[in-house]
Amino acid sequence: MQITMRFVTIFVILAIVPTLVVIASQTVSAPNKDLALVGGTIYVSPTEEPIRNGVVLISAGKIAAVGTRRQVKIAQSAQLMDCSGRTITAGFWNSHVHFIERKWANARDIPADELGVQLQEMLTRFGVTSVFDTGSDRQNTRTIRDRIEAGEVPGPKIQSTGPILYPKGIADISDAQLQMLGFMKFSSPEINDAAQGHDEATKLLDSGTDGIKLYAVPFFAPTISIPESAIAAATAEAHRRGKLAFAHPTNRQGLLASINNGVDIIVHTTPQSGPWDDTVVNAMRQRQVVLIPTLKLWRYEVRHDRFSVRERFTQTGVGQLRRWVASGGVVLFGTDVGYMSDYDPKEEYVLMGEAGMSFPQILASLTTAPAERFGQSKQLGRVAAGFQADLVVLKGDPSKDIRALSDVQYTLRAGNIIYRASQ
Ligand SMILES: [Zn+2]
């Protein structure tokens, strides 16, 4: 039953995608034709009062003007999009995704329409215009990125760490296990000392990755960890080139080993370790790391366990985020989709809210905070004149109900409509 429904859904999406592509190219790509989003509530940034009944004017892929209807003059030749009753924000970042499911394998050979559908399913239908892939086959992900950037397929901006740097022995996984998990086969380096940390980071960065990702401590027992000297050597090489180091911490030991050895971005909370104490939070604050909480992932990871186990595990993660936010720590939105096959971010927004994050704080984790951390805050993350026209038009009002962040009417990247809801 589920398979049938899924097939029907995919068929419907497949059937409408060519139309979407045509609409996007006809309405937006035509030179000298401006696009005006008219009548919506515009959040120019998470911290400023929204503009009600506003206009966003887009020209040549950039935001030309933002203001009230009175303030912004719209040329008669402009294409109008009625956004009354809608909410407009900067395009969203998902700072923790993976292109490792079998569906992405041999990316060069996936028909453009199908690749576009897959990018919609996982990302653009949820307003995502930029992602950081934190672990995948480097060349395959680069192929997806290149096809998007060449204008062949509508999709988000992709940055990637390439394959994860693993502790020794952990990357050994059988073909049968991969088949069950639904993942592609590709090799990942293992590092067990400082020399290997330096050498493998060098190879990855030489190949053009946008950062590195370390799997400090594995999730399952028997745990072996990357030695601290190897973490330090790998992060030092990334920093020497102006690149960032991400780490999967798993527990308190992995968290402290990561932040004490130069890691910039912690890609999960650590429910395995119990609540975070002052030592952990102060160390994280001192090192100015940023946190991607991935709270929905915890329910997903223990989905086969008893209800009480699932709730306790997830609530530990929620408590850790609460602690981090209360201390003034920076959060980047990320869900681990692509590893997690349930792509809907709604539950993540709800759990972030439970952790005490307000709508403006969650919006910052989706827009200004990642733009800032990834060095793109002069082009992305705000709805402001001169910025790239990466925008989300939401059907409802997320300041009243945070779940509205996942109900998207249009997603635009550089002024092109890359997703349009069917109703
Ligand atoms: Zn991940």
Side-chain angles (χ1 to χ4, degrees), residues 92-104 122-123 126 128 130-138 140-141 144 156 158-167 170-171 173 177-178 181-190 204 209-220 223 225-226 231 234 238 244-251 254-255 258 263-273 289-303 313-314 317 320-321 331-345 347-348 351-352 365-366 370 373-374:
F92 296 160
W93 293 67
N94 189 324
S95 301
H96 188 155
V97 310
H98 297 278
F99 293 100
I100 56 172
E101 290 174 285
R102 280 197 297 274
K103 64 180 73 167
W104 308 110
M122 185 161 98
L123 301 164
F126 298 116
V128 177
S130 298
V131 298
F132 220 115
D133 160 81
T134 58
S136 67
D137 180 82
R138 185 194 65 81
N140 198 64
T141 300
I144 299 170
I158 297 175
Q159 290 183 280
S160 174
T161 63
I164 296 169
L165 296 169
Y166 280 107
I170 202 71
I173 184 163
Q177 285 170 315
L178 271 181
L181 289 164
F183 296 154
M184 300 163 41
K185 190 176 175 69
F186 62 96
S187 65
S188 298
E190 296 179 343
L204 283 179
T209 65
D210 303 296
I212 58 164
K213 154 95 170 278
L214 296 132
Y215 207 91
V217 172
F219 193 79
F220 297 107
T223 55
S225 307
I226 300 181
I231 298 178
L244 295 166
F246 296 72
H248 175 120
T250 299
N251 57 26
L255 187 56
S258 299
V263 163
D264 308 286
I265 300 172
I266 299 295
V267 305
H268 300 288
T269 42
T270 65
Q272 292 91 327
S273 69
V289 297
V290 300
L291 174 70
I292 304 171
T294 69
L295 300 176
K296 171 178 174 172
L297 175 70
W298 302 136
R299 233 173 236 162
Y300 181 85
E301 286 291 70
V302 292
R303 64 195 177 280
F313 201 65
T314 308
Q320 290 168 342
L321 176 60
V331 175
L332 306 187
F333 182 83
T335 48
D336 215 348
V337 288
Y339 165 77
M340 183 164 63
S341 55
D342 177 353
Y343 301 146
D344 192 336
E347 197 177 338
E348 186 74 16
L351 290 166
M352 289 167 95
S365 79
L366 286 159
R373 195 66 197 90
F374 300 133

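If you read the sequence from its start, that first residue is 1, and numbering goes on from there. First listed ligand is number 1; within each ligand, the first listed atom is number 1.
- The shortest side-chain heavy-atom distance between T270 and T250 does not fall under the 4.5 Å cut-off.
- At least one N, O or S atom of H96, from either the backbone or the side chain, sits less than 2.8 Å from the Zn ion (ligand 1).
- Looking at S273 and N251, their side chains never bring a donor and an acceptor atom within 3.5 Å of each other.
- Ion pairing between R373 and D264 holds under the 4.0 Å rule for side-chain N and carboxylate O.
- With sequence neighbours excluded, no residue satisfies side chain to side chain donor-acceptor pair (under 3.5 Å) with S95.
- The Zn ion (ligand 1) has an N, O or S atom of H98 inside 2.8 Å of it.
- Distances from the Zn ion (ligand 1) to the N/O/S atoms of D336 are shortest for OD1.
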